[in-house]
Asks: 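Here's a structure for you.
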Amino acid sequence: MAASEIPKAYDPKLVEDKWYADWLAKGHFTANPQSSKPPYSIVIPPPNVTGVLTMGHVLNNTLQDILARRKRMQGYEVLWLPGTDHAGIATQTVVEKTLRKQGVIKHRDDLGREKFLEKVWEWKEKHGGIIIQQLKKLGCSCDWTRERFTMDAGYSEAVLRTFVDLYMKGYIYRGKRMVNWDPTGRTALSDEEVIMTETQGHLWHIRYADEIIVATTRPETMLGDEAVAVHPDDTRYRHLVGKKITLPLRNKQIPVIADAAVDPKFGTGCVKVTPAHDVADYEMALRHKLPFTVVIGPDGIMTAEAGEDFEDLDRLECREAVVEALTQAGLLVKVEDYTHNVGYSERTNVPIEPYLSEQWFLRYPQVPRSTDTVDSGEIKFYPERWQKTYTHWMKNIRDWCISRQLWWGHRIPVWYCIGDDACRLECKQPIVSTETPTVCPHCGSKNVRQDEDVLDTWFSSWLWPFATMDDATRKKFYPTTDLVTGPDIIFFWVARMIMAGYEYTNEKPFANVYFTGIIRDAQGRKMSKSLGNSPDPLDLVSRYGADGLRFGLMLIAPQGQDILFDEKRCEVGRNFMNKLWNAARFIQMQKPGRTDYNAHDLKILFEMNDAITKVSAALHDYRFNEAAKELYDFVWGDFCDWYIEASKVAPNVAVLNDVFNVILRLLHPFAPFITEELWRGDGTIQFAPWPVTREVPGATAALATQVDELYELISAGRQLRNDYGIEPKQPLTFAIKPTADEDFFRSELASLKMFLNAADVALDRNYQPAGLAPSLVTKAATIFMVGAVDVEQERQRLTKQLADINKQLAVTEAKLANANFVQRAAPIAVERERDKLATLREQSENIQALLVKLV
RNA sequence: GGGCGGUUAGCUCAGUUGGCUAGAGCGCUUCCUUGACAUGGAAGAGGUCACAGGUUCAAGUCCUGUACCGCCCACCA
């Protein structure tokens, strides 16, 4: 195609979908377990099946795609295994809310379990594919032939098998415990699903008896009080221990008990004890054998036990009613403002209720081994500091409440014999089995009923690295290599996967874990739907291109730091892609020219090697932003600003193509679409080898320095032009007075003319301007602009330059005058200072000589 | 209460194992639509590297402390 036919601006729309379809059709992402190549594998953190792509997903999956694509180029057999999570509570909540909005139901009970689940599956079929399509738009090179869902038949079996196995091993047990209860979701939650939030509340001081005043943040719970506790050594109350007092509002006799859990220094030293609605009180009640009176129901509504004045009130309404009643009775001593931490449900955002109920719990397997593996670096965390967080959690690990009072999820594989006349004692044992029992194995009754609860979503997610793979795949690709995820799910997911991995595969599930930052908006707020501050990534893709979005994001994604996202970042990415596009246009416009290597060719080849080294090292260490930055600087600065410009004198097309080919390969993991589009090598760029440095005779650091000095001289010439307000298009005459190597500058006369837009450039070691000429002194030469001059302005600029130089000179002289420095510093550092001193002295003298002539 | 981050230009951030004049993008100023690119080019202004000590020939970088911001963990009602 002729160059003129290539559009001036890069349009991702014409490129991206075309290539993605091509890659899919050719099966480039499909991992082959029979391959002889070394394996590289990542499993995707499965997004919620009904979710839509967020900026967090974009970040996370771009990183994974970069890793996967680079490994393909490095000759690995790559498996990036994708899929989605059923996300029990999140999905159920969304579907239920939607049905309610549509007026179909008021509560899921209106439909019943089966009908409701049908609706959820319908929803899943309809919306389940969206996020997958979005990942494809981003360019993610997942092996879609292996896409999994946590409620796929095979996967579900693995989940149930795990449950049964852990039950048989004694890790899973059922018990009546105090759990975190979400009254809106009407389900138990794990500790990790509770978010502690500092909340402005009150401390109500209530007179329970003449000598007893208690303080509480939750007056409504007093309706369920069964005691007042004091510290055993507290002499103020010792005489009351064992006595009974009357619980206000309930007219109930409750004892005064002594318990060491009471802090005598807090408040009055008296604590009300509500066994059924407070964790600490629950423990105390067990010790003192107090009854558990439930006054708040599972829906957050007060029960009949709360008394007829309060029954059927919402817990928060009841709080006001109790305070009112106490005030009327004159028992409210005082009210203080009080800031304390309140647990909120992560999902429904309502205050958690400690609630006594029958639940299933898991005592974690493989805890010591899983702790050590991260401590010892067998599994590596990036950034390393997350190790501490992980270890701390593992060392204080507590049993996991795994049952949820939901419908959407893996139903617990446990049946109970409801029994009939033939029932025996053994029938009270739950029947735990992966097979649905038709009769009770003990009494033969057909009246068996399955546990109503489902398992916590994470109880399926923790099997993800291996339960997603068939035997052949597992053999080749497990344990996986890298995991990329957010630190917010280090306990929910990462820690649990490690434990499950050891328990069920006897191997670590992954070798490295890269923790991303959290994406925030420009003001530093977490992105959320309710704030409306989360941009739609697909909208960004359509406006900036997937490559632009990806690259812009990578530039600002430092390891383990939160990311303040601003749409401007995408512009940077898009502009960069456009720059690349136009570099390609320039190259295609060139006719074959020189075949020798001039200084500019050697310089760019030297910088290219440097870029290959730096980008490779950065990616090896998961320093994605540094790799992106290096590429940006190399392409825009070294290649476009200098090398392409220099090529305008006389191009070496082979070098242009060579360097550009390397650029495309280095850039491909970041920007898969445009690099494929511009690729002129064999086949797809996806399997083109990752660039390695190669020695080019003459492409040395010394040569690079020499060319840098040339560029410095050019910048000085441009500065003169700018300072004197001479338009860029007006040709000028310059004179150059080199301090040393005249030959080099002589060989660069053509490029100097081109870069400076000079009609003529004179080169003379003994140059003396005829009249006055504006000049600047650089390391390798002094440059004069022949033509108009303003004596006063020239005096000022030279004086300023001299002051700068002399300042540095003074610092350098002082350093070298310091005997300690000369003796103790590294010889190379001293040498550097001596060189610098010589250069600065020469520059200083040159400027002084020029100033003398101005007078 | 414990732990972990952060504090560098107007804004957002880079800055390897201490070592040349502390960098980038955006924003700002001046000039420029010259055949790769105005999603661009050239030049420029702008910083006591939060503060106080310490180690060192040398500190943005290492150590100690302080202040402020943010996050995580923790059953004082």
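Please read all numbers here as calculations on a predicted model, not as lab measurements. Just so it is clear: chains get the letters A, B, ... in the order the sequence lines come, proteins before strands, and each one is counted from 1. Atoms considered below: every heavy atom in the structure, side chains included; atoms not considered: hydrogens, waters and symmetry mates.
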Asks: Does any donor-acceptor pair link the side chain of A:Lys579 with the base of B:rC37 at a separation under 3.5 Å?
Replies: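 Under the 3.5 Å cut-off, the side chain and the base do form a donor-acceptor pair.
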
Asks: How about A:Phe381 and A:Trp386: are their ring centres within less than 6.0 Å of each other?
Replies: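 No: the rings miss the under 6.0 Å criterion.
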
Asks: Taking donor-acceptor contacts at under 3.5 Å, does the side chain of A:Lys648 reach the base of B:rA36?
Replies: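 Indeed, a donor on one side and an acceptor on the other fall under 3.5 Å apart.
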
Asks: Looking only at atom P, what distance separates B:rU16 and B:rG2, rounded to whole Å?
Replies: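 About 31 Å, rounded to a whole number of Å.
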
Asks: Do A:Glu712 and A:Ser715 get their side chains close enough for a donor-acceptor pair, meaning under 3.5 Å?
Replies: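 No, A:Ser715 and A:Glu712 have no side-chain donor paired with an acceptor closer than 3.5 Å.
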
Asks: Take the angle between the ring planes of A:Phe576 and A:Trp636 and call it parallel below 30°, perpendicular above 60°, tilted in between.
Replies: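 Rings of A:Phe576 and A:Trp636: parallel, under 30°.
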
Asks: What about A:Glu727, does its side chain sit under 3.5 Å from the base of B:rA42 through a donor-acceptor pair?
Replies: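 By the distance-only test, no, there is no pair.
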
Asks: Could you tell me if the ring centre of A:Phe292 sits under 6.0 Å from that of A:Tyr282?
Replies: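 That pair passes the under 6.0 Å test.
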
Asks: For atom C1', what is the distance between B:rU29 and B:rA22, given to the nearest Å?
Replies: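 Rounded to whole Å, the distance is 23 Å.
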
Asks: I'd like the C1' distance from B:rC13 over to B:rG6, given in whole Å.
Replies: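 Result for the C1' pair: 12 Å, nearest Å.
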
Asks: Using the C1' atom as the point on both nucleotides, what is the distance between B:rA9 and B:rG60, in whole Å?
Replies: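 Between the two C1' atoms, the distance is 14 Å.
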
Asks: With rounding to the closest Å, how many angstrom separate the P atoms on B:rG40 and B:rG25?
Replies: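 Looking at atom P only, B:rG40 and B:rG25 are 11 Å apart.
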
Asks: Using the C1' atom on both, measure B:rU61 against B:rU8 and round to a whole Å.
Replies: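 12 Å, rounded to whole Å.
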
Asks: Taking the same atom, P, in B:rG41 and in B:rG47, what whole-Å distance lies between them?
Replies: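 The same atom, P, in both gives a distance of 26 Å.
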
Asks: Looking at the side chain of A:Asn575, which of B:rA77, B:rA74, B:rG40 is the nearest nucleotide?
Replies: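 Of B:rA77, B:rA74, B:rG40, B:rG40 is nearest to the side chain of A:Asn575.
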
